[in-house]
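Since we're looking at a predicted model, the values are computed, not measured.
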Amino acid sequence: MNEFREALEFLLDPANWEGTNGLWDQLVQQVLLTVTALVVVLMVGLPLGLWLGHRGRGGTFAINLSNIGRAIPVFAVLGLLSLGPVGTATLGPYGRAGMATLIALVLFGLPPVVTNAYVGVREVDPEIVEAARGTGMSEWQVFRRVELPLASGLVANGVRLAVVQLWATATIAALVAGPGLGNTITYGFSNGDYQYVIGGAILVAAGALALEGLAALVERRVDPMRRVRGSGHDGIVQAPEIEARPPTDTAPKTDTAATRS
């Protein structure tokens, strides 16, 4: 309990947030690593998964990519890349270890994005797709106006999963002298000072929760079916009911001399 209280005091001390390699500096490094890896993952994985889903091919590749991503230890990839000719010691904000971390994060973030994009498009009702084609839509229009909106919920879920994984995994960059909040945690372990360990872990956990909440909001906003369910509407357009009216005699009444007689 004392270690937890000391960790809070460590985080609330402004002096620990200032200077080179302070908490603020490490936080910016970790955010930069996560955002850069996410942008690369989205630029590479999202078009690939959506295209495979639309074409209906490459399912084995998408599923196996996810399995391979789970099977390969990220730390092993990170260790190999940090020893290889990747990056330079002065490569912008990353450096050699940061660049190796970035590549490992991209490899780790691709499987959920590719797999969810592929499965999301493939799970669109084929009858809806054929009906869209039957109206004369081109393949691009079918994808953009039918498949992509209906698959957006599952696609956003894959991005949400990747964001949290990337943020949490970026912490291990410190194990190969890379940037990020992992430096505070490893420093605490090396010196037996657990206020650093617990304080760094609190920041990583808080960042993961914040990203999870933000991603959930984005997912809710881009999913059209979730908005329909949230509005209490079942999504089915009902034909308006027409109230039955009693028949009325619309024939013109004549009051002629012949009828009176």
Side-chain angles (χ1 to χ4, degrees), residues 1-42 70 73-79 81-82 89 91-109 112-113 156-221:
M1 193 64 184
N2 289 333
E3 288 82 2
F4 186 78
R5 180 174 54 80
E6 291 174 355
L8 292 180
E9 292 175 353
F10 166 73
L11 293 177
L12 295 176
D13 186 355
N16 294 322
W17 291 81
E18 300 172 351
T20 303
N21 208 30
L23 288 176
W24 180 251
D25 196 15
Q26 294 180 15
L27 182 63
V28 171
Q29 292 171 356
Q30 182 130 343
V31 170
L32 188 59
L33 273 177
T34 304
V35 171
T36 306
L38 179 64
V39 170
V40 177
V41 166
L42 293 182
R70 294 190 184 98
V74 179
F75 181 64
V77 177
L78 179 60
L81 291 175
S82 64
L91 185 62
Y94 302 112
R96 182 181 297 279
M99 196 63 187
T101 305
L102 189 61
I103 295 174
L105 290 179
V106 170
L107 296 176
F108 188 61
V113 172
N157 185 265
V159 176
R160 172 183 173 182
L161 183 62
V163 168
V164 178
Q165 287 183 347
L166 290 175
W167 169 265
T169 309
T171 309
I172 68 173
L175 298 177
V176 291
L181 289 169
N183 285 287
T184 298
I185 299 175
T186 54
Y187 175 84
F189 275 121
S190 301
N191 296 276
D193 194 342
Y194 290 100
Q195 66 175 348
Y196 286 85
V197 178
I198 299 175
I202 291 175
L203 288 180
V204 173
L209 291 175
L211 288 175
E212 171 72 15
L214 180 62
L217 289 177
V218 174
E219 181 183 353
R220 184 180 294 274
R221 295 285 297 177

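A distance of 11.0 Å separates OG1 in T20 from CD in Q26, rounded to the nearest 0.5 Å. Interatomic distance, CD of Q29 versus OG1 of T34, reported as 11.5 Å (0.5 Å rounding). L102 CG to L107 CG: the interatomic distance, rounded to the nearest 0.5 Å, is 10.0 Å. Separation of atoms CG (D13) and CD (E6) is listed at 13.0 Å; rounding is to 0.5 Å.
Using a 4.5 Å heavy-atom threshold, the side chains of I198 and F10 count as separate. Residues L203 and L27 have side chains not in contact (no heavy-atom distance under 4.5 Å, counting atoms from C-beta outward). In this structure, the side chains of V204 and W167 come closer than 4.5 Å at one or more pairs of heavy atoms. Counting heavy atoms from C-beta on, the side chains of T101 and L105 come closer than 4.5 Å. The shortest side-chain heavy-atom distance between V163 and L214 does not fall under the 4.5 Å cut-off. Between V35 and L38 there is no side-chain heavy-atom pair separated by less than 4.5 Å.
When all heavy atoms of R160 and A215 are compared, the pair lying nearest together is CG-CB, 3.5 Å. Minimum heavy-atom separation, A162 to V113: CB-CG2, 3.8 Å. In terms of heavy-atom proximity, L161 sits nearest to P112 at CD2-CB, 3.8 Å. The two residues P179 and A173 make their nearest non-hydrogen contact at O-CB, 3.4 Å. Across all their heavy atoms, L181 and Q30 have their closest contact at N-OE1, 2.9 Å.
Distance alone, capped at 3.5 Å, places no donor-acceptor pair between the T36 side chain and the L33 backbone. With hydrogens and angles ignored, the 3.5 Å screen pairs no side-chain donor or acceptor of Q195 with any backbone N or O of A7. Checked by atom type and distance alone, the side chain of W17 pairs as donor or acceptor with a backbone atom of L11 at under 3.5 Å. At distances below 3.5 Å, at least one donor-acceptor pair connects side-chain atoms of T186 with backbone N or O atoms of N183.
The aromatic rings of Y196 and Y187 stand perpendicular to each other, their planes meeting at an angle above 60°, with 30° marking the opposite boundary. Using cut-offs of 30° and 60° on the angle between ring planes, the pair F189 and Y194 is perpendicular.
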Exercise for the section: Output, in order, the C-alpha distance, side-chain angles, deciding distance and verdict of side chain to side chain contact (heavy atoms under 4.5 Å, CB included) for F108 and Q165. Expected result: CA-CA 8 Å; F108 188 61; Q165 287 183 347; 3.7 Å; yes

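For the side-chain contact (heavy atoms from CB on, under 4.5 Å) test with V197, the passing option among T184, I185, N191, I202 is I185; the others fail.
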